[in-house]
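Heads up: the structure comes next, in structure tokens.
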Amino acid sequence: MKQLLRSNDPTAIAFAKVLLRGEGIDCFEMDVNMSVLEGSIGILPRRLMVADADHAAAARALRENGLEPDEQP
């Protein structure tokens, strides 16, 4: 799996997930429960992961809809 998006904005993550579902791309949100450690103030970002094979199509879908995916090394 590759990281597609990292954000502490829950609306950006939710929007990205809906876009990916619409394209038929499975995704997995990581670090959802980290808010317990931080006191629910939203400083720790969540990560949206996709399969390696889907990363290019997922990144393109985000760009076409105004979200900038994370750069991969």
Side-chain angles (χ1 to χ4, degrees):
M1 293 193 91
K2 286 186 175 181
Q3 180 176 304
L4 177 67
L5 182 65
R6 182 178 176 152
S7 177
N8 57 357
D9 180 358
T11 58
I13 296 287
F15 182 53
K17 288 170 63 175
V18 169
L19 289 173
L20 295 176
R21 280 190 203 121
E23 295 289 325
I25 299 171
D26 289 327
C27 62
F28 182 76
E29 187 177 351
M30 297 181 72
D31 305 324
V32 175
N33 296 316
M34 291 300 289
S35 64
V36 172
L37 297 175
E38 69 180 30
S40 298
I41 58 176
I43 59 171
L44 295 176
R46 296 178 183 183
R47 294 178 289 161
L48 194 59
M49 310 294 285
V50 295
D52 293 351
D54 293 332
H55 188 269
R60 185 173 41 256
L62 291 188
R63 280 190 202 97
E64 289 174 353
N65 288 280
L67 289 176
E68 192 60 39
D70 292 342
E71 294 297 322
Q72 292 295 313

Any idea which heavy atoms bring Gln3 and His55 closest together, and the distance?
O-NE2, 3.4 Å
Side chains of residues 17-26: which donor-acceptor partners sit under 3.5 Å, not counting sequence neighbours?
from	atom 1	to	atom 2	distance (Å)
Lys17	NZ	Glu29	OE1	3.0

In Å and rounded to the nearest 0.5 Å, what is the CZ to CG distance from Phe15 to Leu48?
12.5 Å
Measuring from atom CD1 of Ile13 to atom OG of Ser7, what distance do you get when rounded to the nearest 0.5 angstrom?
5.0 Å
List the residues meeting side chain to side chain donor-acceptor pair (under 3.5 Å) with Asn65, not counting sequence neighbours, and say none if there are none.
none
Separation of Arg6 CZ from Asp70 CG (nearest 0.5 Å):
8.0 Å
Salt bridge (charged side-chain N to carboxylate O under 4.0 Å, His left out), that's the test. Do Asp31 and Arg47 meet it? Break it down for me.
CA-CA 6 Å; Asp31 305 324; Arg47 294 178 289 161; 2.6 Å; yes
Connected hydrophobic set around Phe28, excluding itself, where side chains approach under 4.5 Å:
Met1, Met30, Met49
In chain order, what residues pass the side chain to side chain contact (heavy atoms under 4.5 Å, CB included) check against Arg60, with sequence neighbours excluded?
Ala57, Glu64
Taking every non-hydrogen atom, the tightest pair across Leu67 and Ala12
CD1-O, 3.9 Å
Which atom of Thr11 lies closest to which atom of Asp9, heavy atoms considered
OG1-OD1, 2.5 Å
